[in-house]
Undergrad: 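Questions regarding the structure given below will be posed in turn.
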Amino acid sequence: MSGFSEDMPFFDEPNARPTAPSGIAARAMAARSGHINAPDYLKGLNPEQRLAVETTEGPVLVLAGAGTGKTRVLTTRIAHILATGKAFPSQILAVTFTNKAAREMKTRIGHLVGEAVEGMPWLGTFHSIGVKLLRRHAELAGLRSDFTILDTDDVVRLIKQLIQAEGLDDKRWPAKQFAQMIDGWKNKGQGPADIAEGDARAFANGKGRELYKAYQARLQTLNACDFGDLLCHPIRIFRANPDVLKEYHKRFKYILVDEYQDTNTAQYMWLRLLAQRPDAGRASTSTDLRPAEGRKPDRASAGQAAPTEASERNSRTAVIDNKVNICCVGDDDQSIYGWRGAEIDNILRFDKDFPGATIIRLERNYRSTAHILGAASHLIAHNEGRFGKTLFTDRDEPEDGKVHVHAAWDSEEEARAVGETIEAYQRQKHNLNDMAILVRASFQMREFEDRFVTLGLNYRVIGGPRFYERLEIRDALAFFRVVAQGADDLAFERIVNVPKRGLGEATIRQIHDTARALRVPMLEAAAKLAESDELKPKPRAALREVSANFERWQKALETTPHTELAETILEESGYTDMWKNDRSVEAPGRLENLKELIRSMEEYESLRSFLEHVALVMDAEQNAELDAVNIMTLHSAKGLEFETVFLPGWEEGLFPHQRALDEGGRSGLEEERRLAYVGLTRAKKNLHLWFVSNRRIHGLWQSTIPSRFLDELPEAHVEVAESGNSYGGYGNSYGGGSFAPGRGGQGAGRQNPYGASRFDSVGGNNGGAEKSGAFSNTYATPGWQRAQANRTEATDRNWGSRSGHQVERIGYGETDSGYGAGRTSVKGRTIDGELVAKSVADKPSAFSVGDRVFHQKFGNGNISAIEGNKLTIDFDKAGQKRVLDGFVAAV
DNA sequence: CCGGTCTAAAGAACG
DNA sequence: TTTAGACCGG
């Protein structure tokens, strides 16, 4: 058992019996004696869910559509395995992607099974389980078991050093870019030797592979690894050490994977290694697969008497012990992380990877209204690469409204209208917490925030930078890291001159060189240098102090409680003082955060375990008390649900995003469509989509055309609504419905869905007149016409500020670009009839400085400057604006 | 070492 | 338009 240290008991099963509490065990036994009295935990499952829970043996793929009870199935399945005694908690490997999901599973299993979950050591994220494996077998990967986990920021800094060490220009070859490349390789499970020649050549004049190698070597000397290594190292260890792998084969009787559609190639390989059995599929009692000594093959069959169907299946299992009991749960239609390395193919070819797999579809949706489901299903049906599921619901309540599509003139009006609609809901006694605005790109948030601040409407931004990514937290952690792991050069470099001690670039360079020459960590090298006379007095004294500090702290590590030590470190290093003396607006907040950091340390037993959790699982807490509208990206909305959902920005170029189309082509478009599907299916009752005619992108006003996804919504489930403006008189419109009633779709314009849109004539003045005839369908209603007429005339109200307004930011320091005043309108553009539109490269403008031009929104003006196709124009009335040259005409 | 100035880039983000 | 990062001068 190489790699298992004494203090990490590994196959330490409780002797007596599975740890399911007696209550559950009793219920499980009752279940076995007949099907009439199913245990409580199975009650309330629909037939498909129940099948997914009870099909414990063999490979199973559960295709769980949005809102079909996926988590319930997963947790109940684990509870079922435990309750029926098929496995001990420690014999179940259950992986998720996020800490949140892992946490939720833990608590929900806890509710089902009682306290027994405490014994589920292998329920966690891919990464946390990866660390666990790697700590056990660190030496097989050339690491010590106290290795450090570097985050993205550390990695980039490290790579930058390497690039410079290679004598390369670090501006021409940005470290960030290379970090992403490495990440991509690791997502595919590729080491330096495995990467494609082309990839290796693409960076740093063909030095890509070398750099990658140097990077890995550097990590090893630092006794560190990056996130990707948490998967790749175990894979390599398993491959090179069959005996180690075999132990895990024996251990894990059941494997469960959440969100399987999001797995990347490395995760897939990792799972394959753990799931594969040397002679899988063949009934066998081969010695190497026998359970560990001192244990019966299967408690359930061995220990319980009644020969029921369940126990029979168990005894069969005991014979075919090498069968792969892997259950993957996911939804191919919600695969939205291809850009992060996820391989939707993993889920699509599950039955090829695991022959004889049972595929179970969960299509009964418990979340949304029939209209919402209808809209979402119809949209996603436009994708080709999918299993094909259709969500359905029994709900058919007359008061359920259709999906609302709104048009607005520009993004300001959009934010205004959404705000009004939210207030209207609020007057109907809806909680703000039950509402969410889901955007495609985070820069869209800005406009809503501005608006809500003006309105005094509480909101909360979810996502964004996390707690431990803040400057002060990262600094503090760097101190702790050096104390805990003296070889952590990156951390050392980060704080050696914090607060400023006069240790500039030159001194650090010198420490670096000394460390290299002596082959010791920088901390040690610094200590040596401080004693030598190679430095000038000033840096020498400073360095001496630093190394004395660390020496003292490292000694204290063994004797002092870690929270106390942490406080001492921050005090003695002068770090807290540094912020106390800082008079910037952020300083008090930073001090507060440091306090919070110390507070959160109390939950861990040692500095080391705390550091590991910080790297892997630390989230910013959010304030659920406050009633506030939720604002987040579509990506971070996956897995959530809200009573009322607003989806702004459904325009070509933004959604689907142009870059997704340019880089991903057809599959990029399909992923965008899945993202749209995710957005639609977040809504339980009310769903509002918005598109605008004008949006400012990177400071330039551009006209936009409605998203093709709008055209893909079925008319039967959609109605076009008047946009909220000052003419609407929204106050009491909900329930009564001032939205224009649709007439039932005739499907006009379906033949050429992407060439022209039935929204063309309403989204803006992009050639509406000539087109409207061809699209006289549902949307040619009086309400719609009115909305159009009003759209251009929308006026500002006198918005007063409300007292008690609160804003919460989860994370901080958003860096979104925003929109200012001024609007423009534009002539229409067409996109390719092909599904994938290409962006147009900047062409030099045909205009010259001084030309007199006309702009639909701003009127006449003179061009004062030209950059490529971007014009700066002094308008007679509207002042100076920057617009794209396609949007003006010569006068 | 600090602070002002210039430039380039600006999609989503898990651990 | 906004922003972070590099760059330069004091």
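No experiment lies behind these values; they were computed from the predicted model shown. Reminder, nothing fancy here: chain letters follow the sequence lines and each chain counts from 1.
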Undergrad: Taking atom CZ of A:Phe126 and atom CD of A:Gln267, what is their separation to the nearest 0.5 Å?
TA: 4.5 Å
Undergrad: Figure out the NE2/C1' separation between A:His657 and B:dA10, and round it to whole Å.
TA: 9 Å
Undergrad: Establish, from distance only, whether the side-chain atoms of A:Asp151 and A:Tyr468 form a donor-acceptor pair under 3.5 Å.
TA: no
Undergrad: Under 4.0 Å from OP1 or OP2 of B:dA13: is there any side-chain N or O of A:Thr633 that close?
TA: yes
Undergrad: To the side chain of A:Arg340, which of B:dG15, B:dG11, B:dC14 is closest?
TA: B:dC14
Undergrad: Name the closest nucleotide to the A:Lys500 side chain, picking from B:dA12, B:dC2, B:dG15.
TA: B:dC2
Undergrad: Applying a 4.0 Å non-hydrogen cut-off, can you work out what A:Asn187 is touching in the nucleic acid: base, sugar-phosphate, or nothing?
TA: nothing
Undergrad: Using distance alone, with no hydrogens and no angle criterion, decide if A:Asp333 and A:Asn383 have a side-chain donor and acceptor under 3.5 Å apart.
TA: no
Undergrad: Measure the distance from CG on A:Leu123 to C1' on B:dG15 and round it to the nearest whole Å.
TA: 16 Å
Undergrad: Would you find a donor on one side and an acceptor on the other, under 3.5 Å apart, between the side chain of A:Asp170 and the backbone of A:Ala175?
TA: no
Undergrad: Within this structure, what is the CG-to-P distance between A:Asn99 and B:dA13, rounded to whole angstrom?
TA: 16 Å
Undergrad: Are A:His635 and A:Trp339 an aromatic pair, judged by ring center distance below 6.0 Å?
TA: yes
Undergrad: Which atom pairs link the protein and nucleotides 3-5 of chain B when you take only N or O atoms and keep those under 3.5 Å?
TA:
none

Undergrad: In whole angstroms, how far is the P atom of B:dG11 from the CD atom of A:Gln180?
TA: 12 Å
Undergrad: Considering only atom C1', compute the distance from B:dG11 to C:dA6 and round it to an integer number of Å.
TA: 25 Å
Undergrad: Do you know which two heavy atoms are closest between A:Arg695 and A:Ser411, and how far apart they sit?
TA: NH1-CB, 3.6 Å
Undergrad: Look at the side chain of A:Thr152 and decide which nucleotide, out of B:dA13, B:dG15, B:dG11, has an atom nearest to it.
TA: B:dG15
Undergrad: Between A:Arg674 and A:Glu671, does at least one N-O distance fall below 4.0 Å, as a salt bridge requires?
TA: yes
Undergrad: Measure all distances between protein nitrogen or oxygen atoms and nitrogen or oxygen atoms of nucleotides 7-10 of chain C, and list the pairs falling under 3.5 Å.
TA:
residue : atom : partner  : partner atom : Å
C:dC7   : OP1  : A:Lys171 : NZ           : 2.2

Undergrad: Report yes if some heavy atom in the side chain of A:Ile697 is under 4.5 Å from a heavy atom in the side chain of A:Phe443; otherwise report no.
TA: yes
Undergrad: What contact category does A:Lys160 fall into here, base, sugar-phosphate, or nothing, at under 4.0 angstrom with non-hydrogen atoms?
TA: sugar-phosphate
Undergrad: Indicate, with a heavy-atom threshold strictly under 4.0 Å, whether A:Gly504 touches base, sugar-phosphate, or nothing.
TA: sugar-phosphate
Undergrad: For A:Phe97, report the nucleic acid contact type (base, sugar-phosphate, nothing); a contact means any heavy atom under 4.0 Å.
TA: sugar-phosphate
Undergrad: Round to a whole Å and report the spacing from CE of A:Met445 to P of B:dA10.
TA: 18 Å
